[in-house]
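There's a structure below that I have some questions on.
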Amino acid sequence: MLKVTIKNAEGQEILSKEGEQEIAFLYERTYEEGDRIVVESSEKNCFLWLQVDEVLGRSMIYLKDAMEYIIPFGEKRLNKSPKAFCGSEHFIWLKRAKEFERKTYRNLALNVNDQSCSTTCYPHVSANVETRGEAVFAAVNVVDGVTANQGHWKWPFQSWGINRREDAAIKIDFGREVEIDRIILYTRADFPHEFMIEKRKVSWIELCDLIKADDPSPFPALTQIEVYGNDL
């Protein structure tokens with residue numbers, strides 16, 4: 001059984017929908033600060049397609065347990081399209097992924113639903129630094145599928161900023177073992193860099209030990225990481 005629940009800041013249920021294989025509905029209410037979307041499955045460690053807003057798009061997630069997606073407001077919304085979560089009509093969609101979809105060669109890092117507070121939904125990104133703690137420089141920006149890198153700051157130019165920290169590191173946790181053979185990096189104001197690697201089984205990857213290029217800019221940033229491979 002799948003379940004999607006909308007709750008307010010006090011944890012009170014506003015609306016709930018259930019379905020065996022798929023849930024698709026229109027939520028007709030303006031979001032208020034503290035509102036959240038709770039996604040649950042009676043089957044743990046499952047693959048689901050999730051779309052929390054029609055503007056953000058959808059991606060396949062690996063759900064270990066119930067997750068909460070907190071509706072962003074104010075500064076926390078600057079790394080999203082200004083149309084996201086706005087107005088009084090919101091489309092939400094959840095569906096069990098089919099076996100052939102899970103086994104497809106794809107970008108295993110993509111998760112438009114990731115948030116820094118997530119602990120049960122994968123892939124999930126974390127880092128040891130985010131410039132000034134601002135959403136526009138948050139680690140989750142590197143897996144949101146937005147590859148515009150001609151500028152920086154708010155959407156669509158959000159990126160991961162390291163605040164000039166020499167030991168900056170970013171980690172993508174897949175939540176299970178996968179097999180990968182290709183990594184593509186989009187750096188800010190540059191072209192994609194693609195790396196073919198020997199096929200290997202991993203449950204996470206980390207980008208670290210960064211070396212500054214011979215460049216006058218002291219503020220490098222990473223726009224997107226794509227990691228291609230298959231689920232085992």
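Predicted, not measured: the structure shown is a model, and the values here were computed from it. The first residue in the sequence is number 1, and the count goes up from there.
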Practice prompt. State plainly whether one hydrophobic cluster holds both L63 and L94, where clusters connect Ile, Leu, Val, Met, Phe, Trp and Tyr through side-chain heavy atoms under 4.5 angstrom apart.
Written response: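 Yes, same cluster.
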Discussion item. For N163, is there any backbone N or O sitting under 3.5 Å from a side-chain donor or acceptor partner on T131?
Written reply: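 Checking the backbone N and O of N163 against the side chain of T131, a donor-acceptor pair under 3.5 Å is found.
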Worksheet item: Is there any salt bridge (charged side-chain N to carboxylate O under 4.0 Å, His left out) pair reaching into residues 92-105, and which pairs are they, with sequence neighbours excluded?
Response: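 Matches after skipping sequence neighbours: E43-R96, E99-K103.
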Practice prompt. Please confirm whether the backbone N or O of E130 pairs with a side-chain atom of R132, one donor and one acceptor, at under 3.5 Å?
Written response: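 It does not hold such a pair.
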Worksheet item: In this structure, are over 12 heavy atoms from other groups packed under 6.0 Å from K44 atom NZ?
Response: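 Enclosed.
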Practice prompt. Report the residue from T147, N149, D144 that forms a side-chain hydrogen bond (donor to acceptor under 3.5 Å, both in side chains) with Q224.
Written response: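 When side-chain hydrogen bond (donor to acceptor under 3.5 Å, both in side chains) is applied between Q224 and each of T147, N149, D144, only D144 qualifies.
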Practice prompt. Given salt bridge (charged side-chain N to carboxylate O under 4.0 Å, His left out), test D35 with R29 step by step and report yes or no.
Written response: CA-CA 11 Å; D35 285 355; R29 178 178 170 272; 3.0 Å; yes
Discussion item. Could you see if L56 belongs to whatever hydrophobic cluster contains V4? Use Ile, Leu, Val, Met, Phe, Trp, Tyr and a side-chain cutoff under 4.5 Å.
Written reply: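 Same cluster: L56 reaches V4 through Ile, Leu, Val, Met, Phe, Trp or Tyr contacts under 4.5 Å.
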Fill in: A169 to C208 - nearest heavy-atom pair and separation
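A169 and C208 have their closest heavy atoms at CB-CB, 3.8 Å.
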Worksheet item: Would you say the side chain of R106 lies within less than 4.5 Å of the side chain of M60, judging by non-hydrogen atoms?
Response: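 Side-chain contact under 4.5 Å: yes.
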Worksheet item: If only atom types and distance count, is the side chain of N113 paired as donor or acceptor with the main-chain N or O of Y69 below 3.5 Å?
Response: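 No, the answer is negative, given that no donor and acceptor are paired below the 3.5 Å cut-off.
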Practice prompt. Taking the six-membered ring for Trp and the full ring for Phe, Tyr or His, determine whether the centres of F85 and H90 are under 6.0 Å apart.
Written response: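 No, they do not, as the ring centres are separated by 6.0 Å or more.
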Fill in: Separation between CD1 of I183 and NE2 of H193, rounded to the nearest 0.5 Å
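One finds 14.0 Å between CD1 of I183 and NE2 of H193.
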Practice prompt. Say whether, by atom type as modelled, one donor and one acceptor occur between the side chain of S159 and the main chain of T223 under 3.5 angstrom.
Written response: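 No; zero donor-acceptor contacts below 3.5 Å.
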Worksheet entry | Which atom of N111 lies closest to which atom of C121, heavy atoms considered |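 For N111 and C121, the tightest heavy-atom pair comes out as ND2-SG, 3.8 Å.
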Worksheet entry | Linked, directly or transitively: V55 and W93 (ILVMFWY side chains, under 4.5 Å) |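 V55 does not cluster with W93.
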Discussion item. Distance check, rounded to the nearest 0.5 Å: L2 atom CG versus C46 atom SG?
Written reply: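 L2 CG to C46 SG: 7.0 Å, rounded to 0.5 Å.
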Worksheet item: Under 6.0 Å from the CD atom of E166, do we count more than 12 heavy atoms belonging to anything else shown?
Response: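 Check fails, neighbour count at 12 or below.
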Discussion item. Using only atom types and a distance under 3.5 Å, with no angle test, would you say the side chain of E75 pairs donor to acceptor with the backbone of A135?
Written reply: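 Flag set: sc E75 to bb A135 pair under 3.5 Å.
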Item to complete: Provide the closest heavy-atom pair for T120 versus A66 in the form atom of the first, atom of the second, distance.
Response: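 What the structure gives for the nearest pair is OG1-O, 3.0 Å.
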Worksheet item: Between L50 and Y122, is there a shared hydrophobic cluster once you connect ILVMFWY residues whose side-chain heavy atoms come closer than 4.5 Å?
Response: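 Different hydrophobic clusters.
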Worksheet entry | pair H152-F137: side-chain heavy atoms closer than 4.5 Å |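 They are in side-chain contact.
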Practice prompt. Indicate the atoms forming the closest heavy-atom contact of C86 with R77, along with that distance.
Written response: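 Smallest heavy-atom distance, with atoms named: SG-NH1, 3.4 Å.
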Practice prompt. Say whether, by atom type as modelled, one donor and one acceptor occur between the side chain of T5 and the main chain of V38 under 3.5 angstrom.
Written response: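 Flag not set: sc T5 to bb V38 has no pair under 3.5 Å.
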Worksheet item: Does the side chain of W153 come within less than 4.5 Å of L78's, by heavy atoms?
Response: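 When only atoms from C-beta onward are counted, W153 and L78 do touch, with a gap below 4.5 Å.
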Discussion item. Strictly distance-based, threshold 3.5 Å: is any side-chain N or O of W160 a donor or acceptor partner for the main-chain N or O of V129?
Written reply: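 Checking the backbone N and O of V129 against the side chain of W160, a donor-acceptor pair under 3.5 Å is found.
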Worksheet item: Considering only heavy atoms from C-beta outward, does the side chain of L110 approach that of V143 to under 4.5 Å?
Response: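 Of all side-chain heavy-atom pairs linking V143 with L110, none is under 4.5 Å.
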Fill in: Greater than 12 external heavy atoms within 6.0 Å of D209's CG
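Count not over threshold, so no.
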Worksheet item: Considering residues, nucleotides and ligands other than K64, do more than 12 of their heavy atoms fall under 6.0 Å from its NZ?
Response: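 Atom NZ in K64 is crowded, with more than 12 foreign heavy atoms closer than 6.0 Å.
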Item to complete: Check for a donor-acceptor pair, side chain of R164 on one end and backbone N or O of I162 on the other, with a separation under 3.5 Å.
Response: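 The answer is no, because no donor-acceptor pair under 3.5 Å joins these two groups.
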Item to complete: Return yes if some donor-acceptor pair links the side-chain N/O of N141 with the main-chain N/O of V136 below 3.5 Å, else return no.
Response: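 Yes; judged by distance alone, with no hydrogens or angles, the pair exists.
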Discussion item. Let me confirm one number: the OH-CZ distance from Y31 to R36, rounded to the nearest 0.5 Å.
Written reply: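 These two atoms lie 12.5 Å from each other.
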Discussion item. Within the structure provided, determine whether D231 and F174 are in side-chain contact (heavy-atom separation under 4.5 Å).
Written reply: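 No, every pair of side-chain atoms sits at 4.5 Å or beyond.
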Worksheet item: Does W155 offer a backbone N or O that forms a donor-acceptor pair with the side chain of N79 under 3.5 Å?
Response: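 Such a contact is absent between N79 side chain and W155 backbone.
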Fill in: Nearest heavy atoms of C117 and I70, plus distance in Å
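Looking at all heavy atoms of both residues, the shortest contact is SG-CD1, 4.0 Å.
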Worksheet entry | From L232 atom CG to E179 atom CD, the distance as rounded to the nearest 0.5 Å |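 Rounded to the nearest 0.5 Å, the CG-CD separation comes to 6.0 Å.
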Fill in: ILVMFWY cluster, I180 and I170 together (side-chain gap under 4.5 Å)
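Linked, I180 and I170 end up in one cluster.
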Worksheet item: Do the non-hydrogen side-chain atoms of V178 and N230 ever get within less than 4.5 Å of each other?
Response: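 Heavy-atom side-chain distance check fails, nothing below 4.5 Å.
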Worksheet entry | Nearest heavy-atom neighbours spanning Y27 and I14 |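 That would be OH-CG2, 3.5 Å.
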Worksheet item: Can you tell me how far CE of M67 sits from OG1 of T119, rounded to the nearest 0.5 angstrom?
Response: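 It comes to 9.5 Å.
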